Amino acid sequence: MNRETKWRRLIPLLGLASLLLGLCSDTVLARTELTIGVLAFRGEQDAIERWSATADYLTSSLVEYRFTIVPLSLEGMRSQVEQDMLDFVLTNTGNYVVLEDAYGISRLATLKVRHLGQEFTQFGAVIFTRRDHPELNRIADMTGHTMMAVSKSAFGGFQMAWHEMIENGVDPFTDLERLRFIGFPQDDIVHSVIERRIDAGTVRSGTLERMAAEGLIDLGAIKVLDARESDNFPFLHSTRLYPEWPFAKARKTPEKLAQRVAIALLQLEPDSAATVSAFAAGWTIPLDYSPVHELFRQLEIAPYAYLGKPSLISVWREYKGWIIFSLAMMLLLILMLVLIGRANRRISQSELEFRDEANQRRQAQELLAKHKDELEARVAERTAELAEINRQAQENQAQLAHISRFNTMGEMATGIAHELNQPLTAILNYSSGSLRLLQKRGNGDADAELHEAIVNIGNDARRAAGIIKGLREFIKRGEHKLEHFNLRGCIYSAVELLHPRLVQYGIDVRLNCDNDVIDIVADRVQIEQVVVNLLVNAADAVGAVDRPVKEIGIDVVSNGSGAVAVAVSDNGEGLPAEVIEHLFDPFFTTKSEGMGMGLSISRSIVEAHGGTIEYLVDEAQRPTFRFTLPIA
Ligand code: ADP
């Protein structure tokens, strides 16, 4: 077998081997899938067409990986980055800054854009009006005019101009007459300005030049407001320049892999398929995106939207004047409230004091009234006492007068007794003499009656002398002669003495003595005098009325406790109240010839013996005088 034959035999074997190797390499080098999230601002298809070549380029450069384009909306991209579903991110400048801040994606390269035959890594925005607009020459002139832009969230289509306007003292949301967002394409904005439908507009830098190159507009019809000059940037622009789209890695993506991707991107040739289909000139080292951050911060929009929310500092900056004014007003209000409070307190204090005073006055008045009442009551009491004292004084005076009259009477009685003593003695002597004469004559029975009469004359004269003597002694010295005697006998004597008068009136005397012998120690003559006085009054009373039976009762009762009571009653008319009141007063009498001394003297005698005398109406409704005496 020659050498050629041998090689010919080996060819199929080699083919088989290479096939096996190929299979083997595909199996051994199983590629890891990597995703590149791409912002599909012109739709998914456009994104895929634009960036698939780049993905393929990377797949061919990093053989162990397979890169796939994932077209996403702004929101879809945010969601997938948040869920760590992407390995790389290819998005516009503004969105990159948002995701960088929120999810830590970091740029690997910045896109070099090819525009009108030139390469650019930065872009800006142009704010413009029509050439012949008479009032708009600078951004600061825009206040009060109308403006058109893409959308509030379009970085190059509005936000760059917004930032520039703020820098020039014009707030597009408050200072313009009208602000209209019309979306893409931006060409409509340019037409609107030229056709005078709007005063001013803003578009991404290069748009005007492209439209002019396409013959859509005449750049001479445009007036750029506050046009800037920047190195290596030939397009009209009013704002500073910002870096183009970045290619970024997700937070989870390993550094080494990211480095390899960055190197691959930087090595892309301007005329490579990936570059051309992306309408780019390739990739350059990542630029500084901090101006974008600064812009967002100043505008207080994502990722610095929280700055737009009212914070103490922003509120202070915005409403400093109002806050100071409000604080001043509040202070004034507080001051007024404090002053009013104080005034109120003073008023209430004064009210309290006034009430206190009124209370005190009222209490004083009440006290005064109370004391006045008390004083009046006391005065009335004292007046009554005084009146009573006066009355008693008058009474005492009257009694004094009576006593003095009584004394006079006593003296008179003493005189009379003295005067009567001699005639009575003479009567006694004559009666004794008469008796002796009668005995001498010896006429016996013929003179018997005369004899008895003369004896009686003698007895009565002796009794009369005794009475006068006792009365004189009683009145004169207040003394009485005590003797031991039987009360019953004493009462008999008194009745005997009055016998003629009792007979004259036809009065029966009933003596009821619970004990035959009641011995007492007293002045017998005086006690007999008391009984005589009571019997005389009773006889006068009964004698003055017309009664079938005229009766005087004498009841003597010893009560067993050392006293004896003598009650003299009659069935006369009795005593009226006004008489009862003065019964024992000296000189009180209802009789025309009465002395009014009987009861007065009787009470003096009884009381002098330690007894009592009273008037009462007995059980049979008879007027009764009752006196008591101690038993010996
Ligand atoms: P005199 O008999 O001189 O009037 P008295 O002191 O003995 O004085 O009596 C005073 C008065 O008391 C009498 O005037 C009479 O009005 C009244 N008096 C006394 N005893 C009786 C009696 N038994 N019945 C009615 N009146 C009496």
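Indexing begins at 1, ligand by ligand and atom by atom, following the structure's order. Please read these numbers as outputs of a predicted model, since none were measured by experiment.
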Worksheet item: Near Arg626 CZ, under 6.0 Å, is it more than 12 heavy atoms from other residues, nucleotides or ligands?
Response: no

Item to complete: Go through the structure and list residues passing side chain to side chain contact (heavy atoms under 4.5 Å, CB included) with Glu593, not counting sequence neighbours.
Response: none

Worksheet item: Using a heavy-atom cut-off of under 4.0 Å, does the side chain or the backbone of Met597 touch ligand 1, or both, or neither?
Response: backbone

Practice prompt. Examine Val579 against ligand 1 and note whether any of their N/O atoms are separated by less than 3.5 Å.
Written response: no

Item to complete: Look at the aromatic rings of His582 and Phe588 and report parallel, tilted or perpendicular, splitting at 30° and 60°.
Response: tilted

Worksheet item: Looking only at distance, does Ala541 have an N or O less than 3.5 Å from an N or O of ligand 1?
Response: no

Fill in: Heteroatom distance test (Asp540, ligand 1): nitrogen or oxygen, under 3.5 angstrom
no

Worksheet item: How would you list all residue pairs meeting salt bridge (Lys or Arg N to Asp or Glu O under 4.0 Å) that involve residues 322-349, not counting sequence neighbours?
Response: none

Worksheet item: Is the closest heavy-atom distance from Pro623 to ligand 1 below 4.0 Å?
Response: no

Worksheet item: Quick one: do the Asn533 and Gln529 side chains pair a donor with an acceptor below 3.5 Å?
Response: yes

Worksheet item: Taking both backbone and side-chain atoms of Thr589, is any N or O found less than 3.5 Å from an N or O belonging to ligand 1?
Response: yes

Worksheet entry | Test item, Phe625 contacting ligand 1 (heavy atom, 4.0 angstrom) | yes

Worksheet item: What do you reckon, does Gly572 put a non-hydrogen atom under 4.0 Å from ligand 1?
Response: no

Discussion item. Just to be sure I read this right, does ligand 1 sit under 4.0 Å from the backbone of Leu583, its side chain, both, or neither, counting only heavy atoms?
Written reply: side chain

Worksheet item: Does the N or O separation between Leu599 and ligand 1 drop below 3.5 Å for any pair?
Response: yes

Worksheet item: What atoms of ligand 1 come within less than 4.0 Å of a heavy atom belonging to Met595?
Response: 3 (O)

Practice prompt. Please state whether Asn533 comes within less than 4.0 angstrom of ligand 1, counting heavy atoms only.
Written response: no

Discussion item. Check this for me - ligand 1, Leu575, N or O atoms closer than 3.5 angstrom, yes or no?
Written reply: no

Worksheet entry | Short side-chain donor-acceptor distance under 3.5 Å, Ser79 and Glu75 | no

